[in-house]
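Quick note: numbers below take in every heavy atom, side chains included, and nothing from hydrogens, waters or symmetry partners. Order of the sequence lines sets the chain letters (A, B, ...), proteins ahead of strands, with each chain counted from 1.
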Amino acid sequence: MKIRLRLFGDLPKYFGRERLEMDLAEGATLRELWDSIFSECGDLIPQEYWDSSSGRFSRSVMVICQGVEITGNDCALSDGEELFFLPPMVGGACLIH
Amino acid sequence: MNGYMGKLLRVNLTTGQVAAEALQPQMVRDYIGGTGLGVRIAYDEIPPQTDPFSRDAKLIFMTGPVTGTILGTAGRFQVVYKSPLTGILCDSSSSGFWGAELKHAGFDGLIIEGESKKPVYLSINNGQAELKPAEHLWGLNTYGTQEKLLEETSDSKARILCIGPAGEKEVLFACMINDDGRAAARGGNGAVMGRKKLKAIVVRGTLPIELARPEEFKRAALGMNKLNAKAPNLEMLRTVGTPGVMARWPLSAIPTKNWAMGSYEELCNSLSGDTMKETIIAHHPTSCYYCPIHCSRWVKIETEAYRMDGPGPEYESLGALGSLCLVDNLEAVSYAGHLCNLYGLDTISCGATIAFAMECYEKGLLTQVDTQGIDLIWGNADALIQVVEAIGSKEGIGELLGQGTRKASVEIGSNSDDWAVQVKGLELPMHDPRVFYAWAATYATSPRGGCHLHGQSALYEHKENPLPEWGLTGYYPRNSNEGKGKIARVAQNWMNILNSMVICFFASLTQKPADLATLINQATGWEIDDQELIEIGDRVDAIHRAYNYRVGVRRVDDRLPKRILTPLPDGGAAGQVPDLEVQLSEYYAARRLEPDGKPSYERLLELGMKDVVHDLYGI
């Protein structure tokens with residue numbers, strides 16, 4: 001199945017684009033999505049945005065699906081779903097440093 | 001006094017007397033400068049029951065120990081006064097160059113008192129000051145005033161602060177404008193200046209500022225400037241400026257339709273930084289004093305109805321005049337912001353009050369009879385422009401709306417207070433406490449009312465160990481209440497230090513408390529550390545809170561408007577509201593406040609504020 005990702009704030013700068021599409025097996029969860037992102041783009045993600053101990057984006061990056069923030073790793077994804085990735089921002093600045 | 005010129009200029013507009021006086025070293029050591037020192041002087045000199053429009057009211061302009069140095073953004077200043085909009089003590093902040101020029105002209109600050117019979121302006125040049133007639137300037141907009149005064153002074157390096165027609169007519173959220181379109185925006189200082197018949201302050205100075213350890217300071221300041229020129233976290237500010245925040249729309253974080261609905265993509269994209277960049281930005285960002293970030297934008301619009309060539313809107317203006325009113329026409333919103341600059345109006349209070357009026361119109365509490373035929377429906381860009389002009393000239397519906405949402409809702413009646421989105425009379429800025437919960441305690445307790453510049457609390461949410469030096473360890477999810485009272489105190493103290501130094505919040509985003517302490521020490525010769533800074537932050541809050549307590553502010557006033565405690569029906573934050581009481585209990589404990597809102601006796605003594613103990617406790 002295909003999962004679409006939209007990147008906000010300064011994330012597009014690191015990935016070189018605002019939108020990504022990932023191919024995942026039917027019934028995949030967020031955990032599989034993290035693995036897929038890391039295998040395809042791991043070298044692009046700044047370390048401040050990636051939690052290497054849990055193998056996912058750091059908690060600072062908010063993941064929104066159908067208007068709802070997803071916090072766990074076990075959330076099942078559906079074909080065609082679009083996820084928004086937002087780094088913390090305040091006053092026009094992103095907040096990692 | 002290293003880091004300071006050691007002098008204040010006192011100007012009495014009733015008598016015409018202008019005199020320099022010495023800064024008090026111990027007071028400076030306790031409060032640093034800017035907001036801290038200004039509020040302390042206001043506490044001593046403006047009795048709490050003073051009418052903001054009386055002759056006893058004062059305008060206290062202050063710079064800080066790094067102002068006028070090569071440190072980026074150190075051209076700012078603060079102005080402290082009793083607000084005619086809120087009735088409590090307000091400190092407003094502006095950027096640009098004016099503050100640095102004032103200091104190089106020989107003064108750390110100005111105390112303006114009394115009231116002139118005729119319009120005047122104040123001219124300050126290298127230690128000399130005089131009042132000059134300004135009748136020929138009365139009625140000019142802020143850009144026209146700056147242009148005329150620059151011609152008259154025959155010195156292109158002079159820096160000018162002035163009011164526009166809104167200040168002259170005492171619109172309650174009229175502001176001061178300096179250096180083209182920079183604004184000390186919030187609280188109505190322009191109206192106070194207008195009542196005093198003071199049209200402008202022209203400053204020019206070339207006097208040196210002595211620093212305690214100039215070479216060390218230079219290295220540190222240049223290092224900070226260099227860091228801010230390249231830091232990845234400031235990239236968005238450098239490329240699209242504050243409008244980049246519109247990208248938070250998926251979280252419902254952009255206030256929409258007077259805070260009644262979640263933000264959505266089409267509206268926010270039409271007002272976004274990227275859209276501005278692609279359509280109306282004329283040239284490379286303009287900069288404040290020595291600032292390497294360059295967050296501002298210069299906009300040029302050719303469309304006849306919205307023709308402008310000037311400073312473009314910041315995120316706050318795009319939100320207040322745009323999404324809050326459901327106006328998605330970027331040119332119209334930019335032009336509305338431009339008009340606010342020309343009249344000298346706070347864009348946040350102006351846009352928020354128009355959104356409030358649109359809701360009154362929708363509900364039948366205002367009609368076309370009240371609006372003189374303006375069709376004040378949601379999203380009507382022409383109506384937006386017409387009402388900004390009416391407010392700026394205090395005519396027609398502008399007379400009612402120029403009082404802000406709190407007073408307008410009292411006049412309109414019914415239950416319109418339910419959607420007057422203000423705290424202590426100050427309209428909320430464009431950050432939603434239903435999305436980032438720490439804004440709840442921060443807005444409710446901000447010493448000048450609903451404000452994001454007295455505590456950028458969202459900085460500390462959703463981040464691992466946000467500020468361990470000041471006790472913020474762990475992780476605070478945006479939509480939980482735990483820790484948010486503690487965050488509000490830290491966020492407010494951080495801003496108290498920045499506003500007392502006086503430097504920009506954006507420039508501080510690469511800095512830690514110890515870095516700021518080092519800069520202060522190198523400038524002044526003091527030996528303070530990051531732990532003393534948090535104490536000073538507490539002291540600045542305590543003196544402001546003590547003043548407002550004497551005005552009559554109590555815990556019951558530390559509230560949020562009903563609209564903000566009503567869940568959004570849709571979007572990324574639907575169905576959620578912060579628990580303000582939980583946050584306030586934690587905040588009161590962190591600040592060590594009494595149940596009625598005043599600082600505790602013990603904490604005041606620890607902060608060395610015996611005179612305040614006497615005033616509040618009669619001991």
Check whether more than 12 heavy atoms from other residues, nucleotides or ligands sit under 6.0 Å from atom CD of B:Gln576, and answer yes or no. yes
CG/B:Asn479 to CD/A:Glu69 distance, rounded to the nearest 0.5 angstrom? 6.0 Å
Taking all non-hydrogen atoms of both residues into account, name the closest pair between B:Pro250 and A:Phe8 and its distance. CG-CZ, 3.7 Å
State, to 0.1 Å, how close B:Asp274 and A:Glu18 come at their nearest heavy-atom pair, and which atoms those are. OD2-OE2, 4.4 Å
Quick one: CZ on B:Arg478 to OG on A:Ser60, what's the gap to the nearest 0.5 Å? 13.0 Å
Quick check: closest heavy atoms across A:Asp10 and B:Pro232, and the distance to 0.1 Å? OD2-O, 4.1 Å
Leading residue by heavy atom contact count with chain A [cutoff under 4.5 Å; candidates B:Tyr315, B:Phe436, B:Trp249]: B:Trp249
Closest non-hydrogen atom pair, A:Met62 against B:Leu251: SD-CD1, 3.7 Å
Pick one of side chain, backbone, both or neither for B:Ala231, based on which atoms fall under 4.5 Å of a heavy atom in chain A. neither
Counting only heavy atoms not in B:Asn465, do more than 12 sit closer than 6.0 Å to its CG atom? yes
Quick check: are there more than 12 heavy atoms from other residues, nucleotides or ligands sitting under 6.0 Å from CD of B:Glu265? yes
Could you measure the distance from the CE atom of A:Met89 to the CE atom of B:Met236? Nearest 0.5 Å is fine. 5.0 Å
Roughly how far apart are A:Glu48 CD and B:Glu464 CD, rounded to 0.5 Å? 12.5 Å
Are more than 12 heavy atoms, taken from residues, nucleotides or ligands other than A:Glu21, located less than 6.0 Å from that residue's CD atom? yes
Restricting to non-hydrogen atoms, name the atom on B:Ala247 and the atom on A:Gly9 that form the minimum distance, rounded to 0.1 Å. CB-N, 4.3 Å
